[in-house]
Amino acid sequence: MIAQIIIDIPAQQTNRPFDYAIPEALDHLVQPGMRVLVPFGRQGHLRQGFVWQLADTSEFKDKLKPIRKILDLEPVLNQEALDMAAWLAKDTFSFLISCLQTMLPNALRANYQRFFSLKAPLSADSPLIPLLDSPLHGKFPAQLDPKLGQKIKLLEQQGVLTIDYQVSQRLGIKKVLVYRNLLTAAMIQAQLIATRANARQQLLLLNFLHDHLTFTGTWADWQEQLPELSRSTLTSAVKKQWLASQEVESYRRPTSLETTETAHQLTAEQQTALAAINPQIVAQQQQVFLLEGITGSGKTEVYLQALAEALRKGRTALMLVPEIALTPQMVNRVRQRFQKQVAVLHSGLSAGERFDEWRRIERGEAKVVVGARSAVFAPLKNIGVIVIDEEHETSYKQTEMPRYHARDVALYRSSIHHCPVILGSATPSLESRARAQKGRYQLLRLTKRPQAAQLPQVNILDMRQADKVSGKTSLSVNLLTALQQRLAAGEQSILLLNRRGYANFIMCRDCGQVIKCPNCDISLTLHQDIQALKCHYCGHQEPIPQVCPHCHSRQIRSFGVGTQRVEQDLQALLPTARILRMDVDTTSKKGGHARIIKKFGQHQADILLGTQMIAKGLDFPEVTLVGVINADTSLSLPDFRASERTFQLLTQVSGRAGRANKAGEVIVQTYNPDNYAIQLAAKQDYETFYRQEMHLRHLGGYPPYYYTILVSVSHAQEDLTAQKIFQIQRQLLPILSPQAVVLGPVPQMIARINNRYYYQLIIKYKQEPKLFAALQQLTQTMQKESGFQLRIDREPLQFS
DNA sequence: AGCACGCCGACT
DNA sequence: GTCGGCGTGCTC
């Protein structure tokens with residue numbers, strides 16, 4: 001037998017299977033979907049590969065090398081997954097190997113170790129005895145004897161043992177430090193006197209210990225009780241022997257919720273929606289629903305009851321949520337409904353945690369999967385319904401190979417599993433809404449808020465006329481006054497800084513030169529906190545210069561509004577306000593995002609200041625004011641989706657104000673008060689926006705009236721890059737119909753990144769039967785052209 | 001990615 | 001003559 005194997009070659013210069021001989025010892029063990037180690041190249045170095053297919057013969061019959069080792073006793077990818085990989089590779093012009101790897105948890109891409117657990121002790125003569133490290137637990141040796149492997153597999157089939165996998169790098173059991181008080185009440189009194197009055201944190205800690213002598217917990221637990229406490233105070237307290245610290249094993253899935261939640265009473269609209277969806281789950285029909293519901297209209301309840309219906313029918317369910325909306329609040333709500341049947345996949349998990357969840361899904365222990373983009377590949381069997389919440393979110397599209405859109409993958413899977421798909425949003429993408437218009441999707445609308453909560457009062461503030469706070473160009477007196485009022489009333493505010501297409505750069509006032517990245521054609525961004533200039537494309541970093549590098553003038557200043565700058569200004573204007581800043585800088589650390597949200601949710605701050613990420617799916621009942629500092633910066637982007645993005649952002653952020661019993665107010669500062677996107681977002685009027693925007697897309701010949709494909713080439717030499725893109729254009733033009741439009745070739749908006757030059761062209765088309773094959777052909781030929789990189793992006797969300 | 005093969009210029 | 005620079009192509 002011959003095994004055709006997709007090999008993981010780092011450079012990914014090849015996209016076809018390689019044939020290998022199956023040694024006799026592995027004869028009936030090798031199956032498609034298994035990972036194997038094979039010798040590759042002249043040196044015969046071992047590489048990991050996926051068995052793609054089995055075959056009887058090979059045209060390389062005399063050159064065949066044998067498979068060296070199998071890494072799985074059961075395939076990690078079933079036939080459905082392999083077929084999906086083939087489809088995905090073709091659909092996104094990607095390499096098969098990259099598709100196979102994105103479908104697996106990271107842990108399986110690297111080395112891992114295998115263990116087995118026994119249900120009962122083995123008999124003394126069992127060949128597995130040498131592998132045991134405890135009576136019921138054994139370890140696979142690095143080089144497993146194939147006969148032994150066969151034996152283990154047989155025992156697994158008989159249910160005598162189960163096989164567990166662990167990642168070798170993460171093999172160490174996760175440990176956390178737990179701090180425990182050592183002081184008695186009397187000792188605390190003594191220390192309180194002995195400690196200097198300006199040692200604020202230490203006094204804080206002592207006072208807390210006085211009232212909680214037995215308090216024990218991790219750093220996170222302490223911080224929850226004493227938000228101001230720094231970690232170093234705890235460590236120094238250990239040194240002074242006030243506290244003892246101890247390493248304790250922590251489990252990867254600590255959360256098991258005691259509380260349960262049952263289904264809510266449905267509104268009439270929610271009932272109508274479910275009455276349409278549920279029969280399709282029962283009938284196993286591949287029907288797509290577009291659930292268009294204003295913020296707070298209870299879309300989630302519809303999802304949850306649809307998931308429940310799938311489970312009742314003995315099927316599984318998949319729910320996709322944007323990464324940013326995968327908050328503990330959100331996850332807990334699903335867990336409370338479905339308890340242990342839920343598996344959660346998100347980027348906050350370590351490789352080990354993620355793998356544990358993946359295994360639970362694969363074994364069928366978890367029947368409901370909640371996760372971000374890549375969870376669409378979750379190894380669920382017999383899917384009954386797929387939900388995509390906030391379906392318009394751009395984060396569903398992956399920006400690297402394979403450039404898939406989770407929505408398209410979901411539609412593919414629904415056709416295999418014969419199940420309905422629910423796309424939900426308050427502001428659907430025009431593509432989806434247009435398909436609903438044409439009847440390809442069924443439109444379901446939720447227009448009312450259940451608890452009769454009223455929509456917030458939205459005021460559009462014309463910044464051309466408005467009084468501005470003296471010395472500040474970005475803050476109106478109205479907004480400042482409103483902030484002061486909330487502060488006085490003890491209520492919370494959210495401030496959105498729309499930073500899309502807007503950054504903080506440094507320019508010389510004498511010669512007008514902007515400081516740019518030496519590797520890329522882009523200005524460097526000022527980061528006040530680390531006192532450095534940073535390139536957001538290649539990561540280049542340099543200190544802030546004192547004089548202009550071109551003319552040596554001292555008149556170099558920063559321009560633009562950054563969150564750090566606004567935070568400083570606000571703090572100066574509102575000295576008593578507790579301001580929390582949320583942007584890439586403050587959330588990059590693991591869990592930083594969740595920590596800020598938690599802090600704000602517990603009302604430990606008065607103002608939450610941040611970029612787009614504060615707009616998504618957060619629910620803070622105490623917030624009564626939402627301010628948008630610059631509504632229109634995203635309007636001026638050279639992107640036909642600029643209005644759509646602005647509308648979505650403003651609609652979402654406006655929905656954040658006053659959701660419970662308190663009335664909310666929204667202040668939108670803008671230089672384009674008459675713009676339709678801004679006007680209609682203020683009214684939360686999606687349908688009118690949809691019609692108007694569709695009209696403009698029609699006039700401009702943009703999606704959803706046309707499909708788009710971006711073809712981009714890069715090379716270290718600019719002239720070669722330009723030549724190549726024109727050559728590609730000449731190749732493609734003859735096979736295109738007269739209806740297709742080719743835009744470009746042009747240099748990319750940022751034409752040089754990391755010392756590579758980028759040129760692109762965009763094809764707009766309706767129906768081009770020959771185009772895909774030609775592009776497929778192009779990926780093949782370009783592999784042979786060294787130094788060039790080709791990128792083909794179907795339906796790109798960013799045209800740069 | 002590696003690594004061999006091969007074509008060219010510079011050197012003991 | 002021969003050593004070694006790196007551009008090019010292959011790996012079942």
Side-chain angles (χ1 to χ4, degrees), chain A residues 1-72 75-77 82 85-86 89-90 93-102 104 106 108-112 146 168-169 400-402 538 713-724 727-728 731 753-757 776-791:
Chain A
M1 281 293 260
I2 308 295
Q4 300 181 351
I5 293 167
I6 307 288
I7 303 177
D8 168 27
I9 306 168
Q12 295 186 344
Q13 286 292 318
T14 176
N15 196 28
R16 64 182 193 284
F18 286 80
D19 295 352
Y20 280 85
I22 301 175
E24 224 163 280
L26 300 176
D27 201 10
H28 294 290
L29 289 175
V30 177
Q31 289 169 41
M34 281 179 176
R35 295 168 311 142
V36 291
L37 290 184
V38 291
F40 188 75
R42 283 171 234 272
Q43 291 299 105
H45 281 152
L46 287 185
R47 301 224 71 105
Q48 184 180 293
F50 293 85
V51 179
W52 184 246
Q53 265 188 320
L54 298 181
D56 293 322
T57 54
S58 166
E59 54 176 305
F60 296 92
K61 45 182 176 284
D62 48 339
K63 288 198 223 154
L64 290 185
K65 291 179 185 173
I67 292 175
R68 191 65 66 79
K69 193 176 166 188
I70 57 174
L71 295 174
D72 306 294
V76 289
L77 293 169
L82 294 176
K90 207 174 166 204
F93 303 97
S94 304
F95 296 117
L96 262 175
I97 186 70
S98 69
C99 296
L100 292 167
Q101 287 182 333
T102 43
L104 288 177
N106 257 322
L108 287 181
R109 296 180 211 174
N111 299 325
Y112 69 100
S168 50
Q169 291 106 318
E400 291 123 49
M401 273 250 253
C538 72
V713 193
S714 77
H715 192 276
Q717 271 175 271
E718 185 165 19
D719 51 347
L720 293 180
T721 320
Q723 277 170 28
K724 183 58 71 184
Q727 184 197 326
I728 291 170
Q731 276 172 33
I753 299 169
N754 237 337
N755 288 320
R756 289 184 72 87
Y757 292 86
Q776 220 68 257
Q777 183 62 43
L778 189 63
T779 61
Q780 295 297 320
T781 53
M782 285 295 284
Q783 277 176 41
K784 297 188 179 82
E785 310 240 12
S786 65
F788 286 103
Q789 263 172 29
L790 175 74
R791 183 180 128 199

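Every chain is numbered from 1 and lettered A, B, ... according to where its sequence line falls, protein lines coming before strand lines. Note that the coordinates shown come from a computational prediction; the quantities given were computed from them, not determined experimentally.
What separates CG of Leu64(A) from C1' of dT11(C) is a distance of 13 Å, to the nearest Å. Distance Arg47(A) CZ to dC12(C) C1': 15 Å, rounded to the nearest Å. One interatomic measurement links the two molecules: CD of Glu59(A) to P of dC12(C), which rounds to 13 Å at whole-angstrom precision. Computed from coordinates, the Arg16(A) CZ to dT11(C) P distance equals 7 Å when rounded to whole Å. If you take CZ of Phe18(A) and C1' of dC12(C), they are 6 Å apart, rounded to a whole angstrom. Atom CD1 of Ile22(A) is separated from atom P of dC12(C) by 17 Å (rounded to the nearest Å). Note: CG (Leu37(A)) to P (dC12(C)) measures 15 Å, nearest angstrom. Nucleotide dT11(C) holds its C1' atom 8 Å from the OH atom of Tyr20(A), rounded to whole Å.
By the 30° and 60° cut-offs, the orientation of the rings of His715(A) relative to Phe788(A) is tilted.
One finds a salt bridge joining Asp72(A) and Arg35(A) here, because a Lys/Arg side-chain nitrogen approaches an Asp/Glu carboxylate oxygen to under 4.0 Å.
Listed by chain and number, the residues in a side-chain contact (heavy atoms from CB on, under 4.5 Å) with Ala21(A) are Leu64(A) (sequence neighbours excluded).
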Which side-chain N or O atoms in residues 51-62 of chain A pair as donor and acceptor under 3.5 Å with protein atoms at least two apart or in another chain?
from     : atom 1 : to       : atom 2 : distance (Å)
Ser58(A) : OG     : Asp19(A) : OD2    : 2.5
Ser58(A) : OG     : Phe60(A) : N      : 3.0

